[in-house]
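Below is one structure, written out as structure tokens, with a few remarks after it.
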Amino acid sequence: MVNFSGYADVNGLQMYYDMQGDGAPLVQLHGGTCTNDQLEVEFFAETFQVIAPEQMGHGRTRDDISRPFHYHDMAEDTVALLRHLQIESALVLGFSDGGVVGLDMAINHPDVVSRLVVTGANFSKDACTAGGWEFIMTVNPDDWPQQEHDEYNRLSPDGPSHWPVVLDRLRRMWLLEPNITADQLGRIKTPTLVIAGDRDFIQIEHTAALFRAIPDAQLCVLPGTGHGAMPLETIRTFLLGSEVSEN
């Protein structure tokens, strides 16, 4: 079983990534302000070869303040990492911001993404509930969800003092992005599973619109669940090529 962690020179970044497991390659993409340590790598590594990159300014990958955050750039960095690893095509599982990155990859590099699962993802900057948006954009950096804040302080090569800087830089992106159009979503040919909790701060109507815009997509909504719905067995079933209704 492959078990490796290290850095790759990707588009001028020293991008950190984990690899674990055997089988078909599966790219796991963390959410905004999150790290690989919050992913279900061990579960999916039982079936797949998991490749989990940490994006610029996240986890163990250093921030570059000369380079603004953009979802498309994160997607291009991820594709470049796969090319570095000589992986031509992979399954992709993205949570929240990672889901947006996965959508961008499926739109712009359809040959790279063999199957796509997104959970808690949005395609427009206008997706959040009013309360969720207010919290994201106004909360003091010290009051950001504790796990993400603690993980940043523990892992970031930029140090705890850079946390307010990277959060402010991410907020600038969230104010303007994503801006994926229905036409772009309609060009996705990759088999896609859209997942959400019915208590997510991404409005359920937005999730339904995402599902409807992607041809032949499947939809999974978990009752009583907030941001980060992750039905592991359902996801694994879909990634293995089965309809989720068969699970």
Side-chain angles (χ1 to χ4, degrees), residues 26-48 50 52 55 58-59 71 91-103 106 115-139 143-152 170 174 178 180 185 188 190-214 216-240 242-247:
L26 166 63
V27 178
Q28 272 198 272
L29 299 170
H30 61 72
T33 76
C34 297
T35 73
N36 286 353
D37 291 23
Q38 295 161 266
L39 298 177
E40 299 77 11
V41 171
E42 291 186 2
F43 174 84
F44 288 108
E46 295 173 3
T47 311
F48 308 102
V50 176
Q55 303 292 343
H58 292 74
Y71 289 113
L91 307 158
V92 175
L93 166 58
F95 158 61
S96 193
D97 275 7
V100 182
V101 172
L103 291 170
R115 279 191 166 241
L116 174 65
V117 179
V118 299
T119 176
N122 58 306
F123 62 92
S124 165
K125 62 184 183 298
D126 302 318
C128 292
T129 63
W133 181 251
E134 181 179 7
F135 174 83
I136 290 168
M137 299 309 297
T138 64
V139 65
D143 296 325
W144 194 258
Q146 193 66 44
Q147 184 178 12
E148 283 81 359
H149 192 181
D150 288 348
E151 288 288 287
Y152 185 90
L170 283 167
W174 296 332
I180 300 172
L185 294 172
I188 293 177
T190 303
T192 302
L193 174 62
V194 176
I195 301 173
D198 67 352
R199 300 293 184 268
D200 200 326
F201 59 78
I202 302 294
Q203 299 179 75
I204 195 68
E205 295 83 1
H206 184 88
T207 299
L210 173 63
F211 155 68
R212 292 188 180 112
I214 299 173
D216 301 318
Q218 297 184 60
L219 176 65
C220 174
V221 178
L222 275 66
T225 306
H227 199 53
M230 195 68 69
L232 299 178
E233 290 293 351
T234 297
I235 293 169
R236 177 156 58 186
T237 297
F238 177 81
L239 292 173
L240 286 170
S242 300
E243 298 291 317
V244 294
S245 60
E246 296 175 5
N247 187 22

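Computed from a prediction, not measured in an experiment: that's the story for all the values here.
Contact of the Thr207 side chain with the Leu219 side chain is registered, since non-hydrogen atoms from C-beta on lie closer than 4.5 Å. Residues His227 and Asp200 form a side-chain contact, since some pair of their non-hydrogen atoms from C-beta on lies under 4.5 Å apart. With contacts defined as side-chain heavy-atom distances shorter than 4.5 Å, the pair Pro145/Phe135 qualifies. By the 4.5 Å heavy-atom criterion applied to side chains, Phe44 and Leu232 are counted as neighbours. Within the 4.5 Å cutoff, no side-chain heavy atoms of Val50 are placed close to those of Leu39. Looking at heavy atoms from C-beta onward, Leu170 lies in side-chain contact with His58 at the 4.5 angstrom threshold. For the pair Phe95/Gln28, no side-chain contact is recorded, criterion being any heavy-atom separation below 4.5 Å from C-beta on. A 4.5 Å side-chain heavy-atom check between Val194 and Cys220 finds every atom pair outside the cut-off.
Using a distance-only test at 3.5 Å, with no hydrogens or angles considered, no donor-acceptor pair links the side chain of Glu134 to the main chain of Gly131. Within the 3.5 Å criterion, the main-chain N or O of Gln55 finds a donor-acceptor partner in the side chain of His30. With Asn122 contributing its side chain and Ala127 its backbone, the two residues share no donor-acceptor pair below 3.5 Å. A donor-acceptor distance shorter than 3.5 angstrom exists from the side chain of Thr225 to the backbone of Pro223, with no hydrogens or angles considered.
Asp143 CG: more than 12 foreign heavy atoms inside a 6.0 Å radius.
Listed here is the closest heavy atom pair of Val100 and Ala121: N-CB, 4.1 Å. The minimum heavy-atom distance between Leu222 and Ala229, with the atom names listed, is CD2-CB, 4.2 Å.
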